[in-house]
Amino acid sequence: MKELTATGRTVDEAVQSGLEQLGLHADDVEVDVVDEGKKGLFGIFGHRSAVVNIREKIDPVKEAKQYLENVISHMGIQAQVTAEEESKRVVFQLKGDKTALLIGKRGQTLNALETLTQLVLNRHSDRYIQAVVDAEGYRAKRKETLAQLALKLADQAARQKKDIHLEPMPSSERKVIHDTLAGYSQHIETYSTGEDHNRHLVISYKK
């Protein structure tokens with residue numbers, strides 16, 4: 001993040017001077033007026049320069065992308081990270097020779113990267129933005145797998161007339177199962193239970 005203190009005869013001149021030094025536009029920075037200055041008698045005697053502090057605004061997406069790249073690098077993996085901004089979410093795509101390591105067993109590593117990226121993305125944002133971290137189309141494949149699993153387990157719950165508890169999974173994956181079984185049967189309902197990392201979904205049979 002670029003930041004500096006600039007001076008000028010007026011606040012506007014100080015800001016303009018700072019922008020030129022940083023090579024940025026007014027929309028790219030935040031300005032704090034340290035001293036509004038004093039014009040002085042005849043513009044000379046008692047004159048005091050205006051002082052402003054100018055700092056570059058933090059781009060949440062750029063910050064999250066940089067963070068994700070650093071984490072992957074520290075894992076000893078070379079991967080390209082691209083960010084695609086949508087209305088209420090940002091999709092970070094990972095590409096490289098070792099994406100399987102970034103995905104992990106049942107997407108656990110990918111989910112962990114997504115959780116961390118989510119925190120960084122919203123740390124400097126004035127509105128909530130969903131982060132999605134994907135690699136080699138894993139999310140779409142996982143969604144299809146979860147949908148098939150949901151139907152299979154719902155059928156089992158209906159036949160055996162009992163509740164089925166699934167393993168803990170992130171909210172995005174629980175939502176896939178919720179949505180898949182919405183309207184499946186009047187005797188089947190889904191709900192989440194548990195706290196934090198133990199939060200999981202239950203496919204429940206209703207008499």
Side-chain angles (χ1 to χ4, degrees), residues 1 28 56-156 164-184 188-203:
M1 179 181 65
D28 300 326
E56 183 180 12
K57 290 181 180 178
I58 296 177
D59 183 333
V61 176
K62 182 179 179 181
E63 191 83 358
K65 180 175 178 290
Q66 182 66 57
Y67 173 82
L68 188 55
E69 289 173 338
N70 290 340
V71 171
I72 293 173
S73 177
H74 280 96
M75 292 171 65
I77 299 174
Q78 291 187 345
Q80 178 186 2
V81 181
T82 58
E84 181 179 346
E85 298 183 50
E86 300 177 0
S87 58
K88 296 181 180 180
R89 70 174 191 169
V90 180
V91 179
F92 298 89
Q93 293 285 354
L94 313 182
K95 294 184 179 180
D97 296 331
K98 298 182 179 179
T99 51
L101 294 177
L102 295 174
I103 294 173
K105 183 180 179 181
R106 296 181 182 176
Q108 291 179 347
T109 304
L110 201 64
N111 291 337
L113 290 172
E114 185 172 277
T115 298
L116 293 172
T117 303
Q118 179 78 67
L119 293 173
V120 176
L121 181 64
N122 285 283
R123 184 170 59 191
H124 301 292
S125 176
D126 55 1
R127 63 185 179 90
Y128 178 79
I129 308 174
Q130 179 190 5
V132 177
V133 179
D134 198 4
E136 303 298 336
Y138 173 80
R139 295 300 182 192
K141 296 174 185 175
R142 178 65 172 166
K143 183 176 181 179
E144 183 178 350
T145 298
L146 289 172
Q148 293 175 354
L149 177 64
L151 295 172
K152 179 180 178 180
L153 294 180
D155 184 55
Q156 179 182 332
I164 296 179
H165 291 251
L166 281 69
E167 63 182 18
M169 59 181 66
S171 60
S172 58
E173 294 191 348
R174 296 199 305 272
K175 185 177 185 301
V176 172
I177 296 178
H178 279 305
D179 293 345
T180 300
L181 297 181
Y184 171 82
I188 294 294
E189 67 176 356
T190 59
Y191 62 89
S192 294
T193 186
E195 300 294 332
D196 300 325
H197 298 299
N198 292 318
R199 192 157 182 79
H200 63 280
L201 188 139
V202 178
I203 299 177

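- Here the shortest heavy-atom pairing between S172 and E114 reads OG-OE2, 4.3 Å.
- A side-chain hydrogen bond (donor to acceptor under 3.5 Å, both in side chains) check over residues 59-70, counting only residues at least two apart or in different chains, returns the pairs K65-E69, Q66-N70.
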Show the numbers, then the answer: is there a side chain to side chain contact (heavy atoms under 4.5 Å, CB included) between V90 and E84?
CA-CA 6 Å; V90 180; E84 181 179 346; over 6 Å; no
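- Between L119 and R123 the shortest side-chain heavy-atom distance does not fall below 4.5 Å.
- Nearest heavy atom pair, residue V120 against residue A64, reads CG1-CA, 3.8 Å.
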Please output the side-chain donor-acceptor pairs of residues 99-112 that fall under 3.5 Å, not counting sequence neighbours, one pair per line with the distance.
unit_1	atom_1	unit_2	atom_2	d
R106	NH1	E167	OE1	2.5
R106	NH1	E167	OE2	3.2
N111	OD1	R139	NH1	2.8
N111	OD1	R139	NH2	3.2
N111	ND2	G107	O	3.2

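- S192 places a side-chain heavy atom less than 4.5 Å from the side chain of H178.
- R174 and M169 make their closest contact through NH1-O, 2.7 Å (heavy atoms, listed as atom of the first residue, atom of the second, distance).
- By the 4.5 Å heavy-atom criterion applied to side chains, K57 and D28 are not counted as neighbours.
- Contact record, H124 with P60: O-CG, 3.5 Å, taken as the closest heavy-atom pair.
- The distance from the NZ atom of K95 to the CD atom of E136 is 7.5 Å, given to the nearest 0.5 Å.
- Interatomic distance, D134 CG to T82 OG1, rounded to the nearest 0.5 Å: 10.0 Å.
- With hydrogens and angles disregarded, no donor-acceptor distance shorter than 3.5 Å links the side chain of S125 to the backbone of L121.
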Could you walk me through whether Y184 and D155 pass side chain to side chain contact (heavy atoms under 4.5 Å, CB included), step by step?
CA-CA 10 Å; Y184 171 82; D155 184 55; 3.7 Å; yes
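- Smallest separation of non-hydrogen atoms from T117 and L113: OG1-O, 2.7 Å.
- Between L153 atom CG and L181 atom CG the span is 8.5 Å, to the nearest 0.5 Å.
- The environment of CD in E86 is crowded: more than 12 heavy-atom neighbours from other residues, nucleotides or ligands sit within 6.0 Å.
- One distance of note links CG of L68 with CD1 of I72; it measures 4.0 Å at 0.5 Å rounding.
- The structure places NE2 of H165 at 7.5 Å from OG1 of T193, a figure rounded to the nearest 0.5 Å.
- One finds the CD atom of Q118 at 9.0 Å from the CD1 atom of I129 (value rounded to the nearest 0.5 Å).
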Can you give the donor-acceptor pairs under 3.5 Å from side chains of residues 140-152 to other protein atoms, not counting sequence neighbours?
unit_1	atom_1	unit_2	atom_2	d
R142	NE	E173	OE2	3.2
R142	NH2	E173	OE1	3.3
T145	OG1	K141	O	3.1

